[in-house]
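Just follow the structure's listing: the first ligand is 1, and inside any ligand the first atom is 1.
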Amino acid sequence: MAVLGAGSWGTCFAKILADAGAPVRLLARRAEVVRAVNESHENPDYLPGLRLPDTVTATLDPEEALDGADLVALSVPSQTLRENLAGWRPLLTPDMTLISLMKGIELGTTKRMSEVIREVGGVPADQVAVVTGPNLAPEIAQEQLTAAVVACTDEERARRVQQAVTTRYFRPYTNPDVIGCELGGAVKNVIGLAYGMAAGMGMGDNTKATLITRGLAETQRLGVKLGADPLTFAGLAGLGDLVATCNAGRNRTFGEQLGRGRSMAEAQAITRQTVEGVKSCRSIRDLARANDVEMPITEQVERVCHEGVPVREAVAVLMARQTKPE
Ligand code: 13P
């Protein structure tokens, strides 16, 4: 097994695979991460306090990471996937299952991560699986009980991945709806930003519940237009991931800083890691516009993050919007 990308989720996923019984090679970009994993079994910059199983080893060399791997999990920032995967493509073989752990939409192309993997990796759709759901890495690192979803158009392959990542604390379900699962994962980051902004402004539970439900409504509207199963959005990859991210994710933390009046740069300095929704709010807005789907919360998050619009003004625009029947 190989995990390409040693951020918090990639590192945590390597632990899950290893705890499920297989040795794992973790590809990192920085030598100090490789040293920390191999010598002290930890990745302190991303998951302080986590002791990785001895069967997780790290390397800087993609060839070494991929040699003989049958499951290959990709866990790099969404906007760098294309460039990274182009470099790894010569090392991919037809017997590998490529697993996307990423939750974003590519800027410029508005493609989902599995679409980028198929295009750049030169692999068919049924060779790609997506693992998603309410999966906050710091909690899974502590072996908090967690459910997840393995989405793949090839149901037999989905079951094989499910088996390979089942542990006593990690319980994956399967779902053939790759489009819905990926959209749920990408859009919840944007709604998590909006939720954080509301929390940072001191708004209460009515506002927060409204953001979760109306955020899910606009996610489902886009998903259905693109061919997703509407029921996916009521499940772990939809509502489940949205609730977890709004409560405790990096996107929520970032949004909260903006809601308290901090700048984008200040919010980034506090959050430190990649905050996927900041970039994907624009690509999701573009995808929605291209498909004639209204996504008012996403539109306003994009204006705050990229057009210098004050949070209070974005809220006023949302509240002044004409309602339509639910
Ligand atoms: P954040 O990136 O906002 O931390 O969300 C993590 C996540 O995807 C939880 O499922």
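- By the ring pair (Phe, Tyr, Trp, His ring centres under 6.0 Å) test, Phe13 is found to be paired with Trp9, residues two or more places apart in sequence or in another chain being considered.
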Return a table of N or O atom pairs, ligand 1 on one side and protein on the other, at distances under 3.5 Å, rounded to 0.1 Å.
from: ligand 1; atom 1: 2 (O); to: Arg250; atom 2: NE; distance (Å): 3.2
from: ligand 1; atom 1: 2 (O); to: Arg250; atom 2: NH2; distance (Å): 3.0
from: ligand 1; atom 1: 2 (O); to: Asn251; atom 2: ND2; distance (Å): 3.3
from: ligand 1; atom 1: 3 (O); to: Arg250; atom 2: N; distance (Å): 3.0
from: ligand 1; atom 1: 3 (O); to: Asn251; atom 2: N; distance (Å): 2.9
from: ligand 1; atom 1: 3 (O); to: Asn251; atom 2: ND2; distance (Å): 2.7
from: ligand 1; atom 1: 4 (O); to: Arg250; atom 2: N; distance (Å): 2.7
from: ligand 1; atom 1: 4 (O); to: Arg250; atom 2: NE; distance (Å): 3.0
from: ligand 1; atom 1: 5 (O); to: Lys188; atom 2: NZ; distance (Å): 3.1
from: ligand 1; atom 1: 8 (O); to: Lys103; atom 2: NZ; distance (Å): 2.9
from: ligand 1; atom 1: 8 (O); to: Lys188; atom 2: NZ; distance (Å): 2.6
from: ligand 1; atom 1: 10 (O); to: Lys103; atom 2: NZ; distance (Å): 2.9
from: ligand 1; atom 1: 10 (O); to: Gly133; atom 2: O; distance (Å): 3.0
from: ligand 1; atom 1: 10 (O); to: Asn135; atom 2: N; distance (Å): 2.9
from: ligand 1; atom 1: 10 (O); to: Asp241; atom 2: OD1; distance (Å): 2.6

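- Classification of Glu218 and Arg321 as a salt-bridged pair fails, no side-chain N sitting under 4.0 Å from a carboxylate O.
- Using a 4.5 Å heavy-atom threshold, the side chains of Ser8 and Gln273 count as touching.
- Look at Glu256 and Arg262 and you find no salt bridge, because none of the NZ, NE, NH1 or NH2 atoms lies under 4.0 Å from a carboxylate O.
- Remark: Lys103 engages Asp241 in a salt bridge (Lys or Arg N to Asp or Glu O under 4.0 Å) (not counting sequence neighbours).
- The salt bridge (Lys or Arg N to Asp or Glu O under 4.0 Å) pairs that include a residue from residues 120-133 number zero, where partners must be two or more places apart or lie in different chains.
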